[in-house]
Amino acid sequence: MNPSPVNPASESPKKLLVVDGHSMAFRAFYALPPESFITDSGQYTNAVHGFTNMLLKLIREEQPTHVALAFDLDTPTFRHQSYDEYKGGRDKTPEEFRGQIDLIKQVAEALRIPAVTVEGYEADDIVATYVTQAEEAGWQTLIVSGDRDALQLVTENTHLDYPTSGVSKSVRLDPAGVEAKYLVPPQRYRDLAALVGESADNLPGVPKVGPKTAAKWITEYGSAAEIIAHAEDIRGKVGENLRAALADVERNLELNWLVRDLDLPVQLEDCLLTSPDREAVEPLFDALQFNQIRERLFEVFASRFPEADLSAEPTEALPEVRVAASAAELNTFLSEHEEAPLALSLCLDRSGESRSTKAQRDEAARTAEALAVVLVPAPHQHEGEPSREPVTALAVPLSSADEELESALADWLLAAEKPKLLHDVKDAGKRLAWRGLPLRGAVEDTLISGYLVQPDRRNFAFDDLVAQHLSSSTEPSDYIGGERFAGSGEEPVQGSLFDAAQEPVPGVTEEDLARAGVRGMLLHSLSSRLHAELVDRKAEQLFYEMEIPLAEILLQMELTGIAVSTEMLQELDAEFARSIEASAQAAYDVVGHEVKLGSPKQLQTVLFEELELPTAGVRKNKTGYSTDVETLQDLLTKTSPETPGNQFLVNLMAHRDATKLRQTVTGLIESVQGGRIHTTYAQTVAATGRLSSLHPNLQNIPVRTAAGRLIRDAFVVGDGYESLLTADYSQIEMRIMAHLSGDEALIDAFKAGEDLHNFVGARVFGVGTEEVSAEQRSKVKAMSYGLAYGLSSFGLSKQLGIGVDEARNLMNEYFERFGSVRDYLREVVTQAKKDGFTSTIYGRRRYLPDLTSENRQLRQMAERAALNAPIQGSAADIIKRAMIDVDAALTERQLQSRMLLQVHDELIFEVAPGERETLEALVLEKMGAAADLSVPLEVHVGVGSSWHQAAH
DNA sequence: GACTCCACGTA
DNA sequence: CGTACGTGGAGTCC
């Protein structure tokens, strides 16, 4: 798709950049702390980061026409064969370096830069061969290498960047520079090195001969060969040493002679620098978590290849976006596209983009109003190819439309039988609902299809999905007819004769409309592309029968929100504020000065230096000693009451608790709108299939402590409703584990309806169900839950504060009684390694490529994720199924009660007057029947005037 | 201003 | 050396 950039005119000089990949990767590795460059999955990327940065900098500053990277192979080279000790004595490659060369090669591939290797030779030889060819062709060359052997390659046309520290600083050496620094001309450097020796390669030279002596001899005799020939003439101790070391010198000369005529797999001309493969860059940089570098990369290449623009060549026409002036025009348009789905793209009010802080801009973006709806028919096809004939899209203005037009639009939007394609239905539906325009009939949401295809992906922005799956651009100027938008959009472009006064829709520029048109057009293509993927991944049913219907339900829940008592929240806020103040003051009094109690860094000083609390056994993090609760609790037990240390700890912990609680309360107060809080559910974030909740997060409202539960008391029943009803699945994950493992003992426990942990405790400890002590119960409870997370005996011992041996015994006892659980957990991982993915009971997959990683940490993380994904994911499937079924039943029975919240295994409803019993029965029925497992799905229901009350 | 780290709330 | 999330303060980098 990407057009080759115009070959820089042949008369202009060519410039080669050739990098010794291995030596520079190592430099980068040692220049940057690995612990600061680690992905969430545990892969170190410091070398990749440093290397990529260096490469981009060189491309930007040096403007090479051709670029090649040379790499060593792990296999022995001819040098090893002639000298066993070659490069012996080197330290083992650090564990953190592992895998990074491969990642660098992947980066190179994404940048379409050849990463060249040759069996039996080193990177240096490859560099030397390219340099030789470039010299012969009369090119300029810049070598970048941390290996001094490259010095011999320097000429007037070939310069060397030799790093002085890290990868950021280097010296540029030309022949004069080499001579100034090493006292001999480049072509004699290897003679000097042969005499002096090269410790990095484990090549001893002549004892007592350093660069100065060697240079003197070379100047005097001309070359190492001549020196050897005249060895007898050299006097003194060094002369003796030389004569004794002649064999070493000859061997060194043989080994440090770079091979300049290799048969290279990539020809010099084929190293032509071109624009990167965006489709490869995106997922790779996602995985590496390189966001800044990604931006820099596109900047560097965009300025370098403006004509390529890193996007598709314009073969498709820009849609013509007509602004509907009347209801008749809209209806005509709709009737022309009666059967076919229309893509729906919104133009939003962008006036909030100029807010000063990011938080304000984010907020503005979330609440931006829809100003126009753009309807885009499927692109014309010409023999399967995109057509150069533009489609005609219709924009319907929302604020300036007359009543008739708006009502015609409303009818179409509400018509469930009129198919619509969108990206992020829930978002669009919300913005339209704000304008009184309910949306139905979405048959596509590329946000969701993109997620089902790649559930681990972080970013599903439409433009990025388009770039990855279609290798296309969403920029109007990249399409035929889009030339007039070629500017950034910031300033009027020549030939684009419109200004604010001529805006077709108030607040919407012509370019905004064009962009909406392009997005609509691309929605059709992206939809087809992703659906092919959904079929491959057997995810169609999940898409149509679960996620799409769920999106509509979530939309309603978000729009509805949950009522809160602002007064109660404010009282709590004040209460927690007092508590924060009091505990802070008391803490300051202990140490005699103020300290930011929220700063782990300052706390480290106070705790371990001023108060001299014992550091023995205290966990460390990147910034020093940890100050988390676990540590503080531990320290508390090590200090006597009434000591300053003890008192400080007590107040610090009280302060922590109060601060956290207040933070939650403050956030809630800030998000109240009209007495209700409207969270947003993210349907495409959690890789297991769970929902997440944000702005605010209502899935992490405190419940474990009494103070925390006060907050739940502020979530109340709204006007016109009689109560709140909560319904939660009891031990759903354990039930799923029983089902998936088929463990008879566990299944029996659930069938018998016994208290699970007492049941398990009785089996593990060999006592009667009634005789399980509280301590025993909590131990097996921790273990039961831990198993689904891939808990190790070490982890269990830490959590329970028992020895590793005891923890191991406990686990063995457990598996002795519930052997199928162990078999199942093993099988899940084995199967996932085979398939590359795990599956839930509804067929939701999670792809875990790291299961086969060479990196142990990565692999083990993937193994634990593989253990957990089917369990957590099946629970997510089940409650999603239940939500859809409950919602359908509410509608069918025309109940006024409504679903408000979902908290993973719990649903919260607002009960309409007189509907309590009906609702309760309905919820119990639908939730209980959401999956057919070999154990019953138990649901607990509670009713009350607040969330807290209802949970009792 | 943007990003990272730490800490901590939930299931 | 236990999974999945989101939020906010402090500190740091640019």
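As the structure is a prediction and not an experimental result, all values here were calculated from the model. All values below were derived from every heavy atom in this structure, side-chain atoms included, with hydrogens, water molecules and symmetry-related copies excluded. Lettering of chains follows the sequences in order, A, B, ..., and the numbering in each one begins at 1.
Between the side chains of N855(A) and S853(A), no donor-acceptor pair is found at a separation under 3.5 Å.
Which of dA2(B), dC8(B), dC1(C) sits closest to the side chain of V629(A) comes down to dC8(B). Proximity note for Q872(A) (side chain, C-beta onward) versus dA4(C), dC6(B), dT10(B): the nearest is dA4(C). Comparing atom distances between the A865(A) side chain and each of dT3(C), dC5(C), dA11(B) picks out dT3(C) as nearest.
Taking atom OH on Y789(A) and atom P on dA11(B), their separation rounds to 10 Å, with Å as the unit. With rounding to whole Å, R856(A) atom CZ is found 9 Å from dC1(C) atom P. In this structure, CG of L597(A) is placed 14 Å from P of dA7(B), rounded to the nearest angstrom. Residue Y681(A) contributes atom OH, which lies 16 Å from atom P of dT10(B) at whole-angstrom precision. The CD atom of E630(A) sits 13 Å away from the P atom of dC1(C) (whole-angstrom rounding). Look at CG on L572(A): it is 16 Å from C1' on dG9(B), rounded to the nearest Å. Atom CE in M861(A) sits roughly 6 Å away from atom P in dT3(C) (whole-Å rounding). As a whole-Å value, the separation of D628(A) CG from dC5(B) C1' is 13 Å.
Screening residues 836-865 of chain A for ring pair (Phe, Tyr, Trp, His ring centres under 6.0 Å) gives F837(A)-Y847(A) as the qualifying pairs, with residues at least two apart or on separate chains.
Salt-bridge annotation for E581(A) and R578(A): absent, with no side-chain N of the basic residue lying under 4.0 Å from a carboxylate O of the acidic one.
I701(A) comes within contact range of the sugar-phosphate backbone alone, with a heavy-atom separation under 4.0 Å but no base atom that close. Here R361(A) lies in heavy-atom contact (under 4.0 Å) with sugar-phosphate atoms only. Within the 4.0 angstrom heavy-atom criterion, only backbone atoms of the sugar-phosphate kind lie near R846(A); the bases stay farther away. Using a 4.0 Å heavy-atom cutoff across all strands shown, R656(A) reaches sugar-phosphate atoms only and no base atom. Within 4.0 Å (heavy atoms only), T357(A) reaches no atom of the nucleic acid at all.
The side-chain hydrogen bond (donor to acceptor under 3.5 Å, both in side chains) search around R864(A) returns none, not counting sequence neighbours. A search for side chain to side chain contact (heavy atoms under 4.5 Å, CB included) contacts involving T830(A) returns E827(A), not counting sequence neighbours. Residues that satisfy the side chain to side chain contact (heavy atoms under 4.5 Å, CB included) test with R361(A), not counting sequence neighbours, are R355(A), K358(A).
Between R690(A) and the phosphate of dA11(B), there is no side-chain N or O to OP1/OP2 separation shorter than 4.0 Å. Contact annotation: S626(A) side-chain N/O to dA7(B) OP1/OP2 distance is under 4.0 Å. For the OP1/OP2 pair of dT10(B) and a distance below 4.0 Å, the side-chain nitrogens and oxygens of R712(A) include no atom meeting the criterion.
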Please output the side-chain donor-acceptor pairs of residues 782-789 of chain A that fall under 3.5 Å, not counting sequence neighbours, one pair per line with the distance.
residue : atom : partner : partner atom : Å
S784(A) : OG   : V780(A) : O            : 3.0
S784(A) : OG   : Y814(A) : OH           : 3.4

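Using bins of under 30°, 30° to 60° and over 60° for the plane-to-plane angle, the ring pair F608(A)/Y625(A) lands in the tilted bin.
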Given protein heavy atoms under 4.0 Å, the one-letter contact record of nucleotides 6-13 of chain C, with B base, S sugar-phosphate only and - none, is simply BSS-SSS-
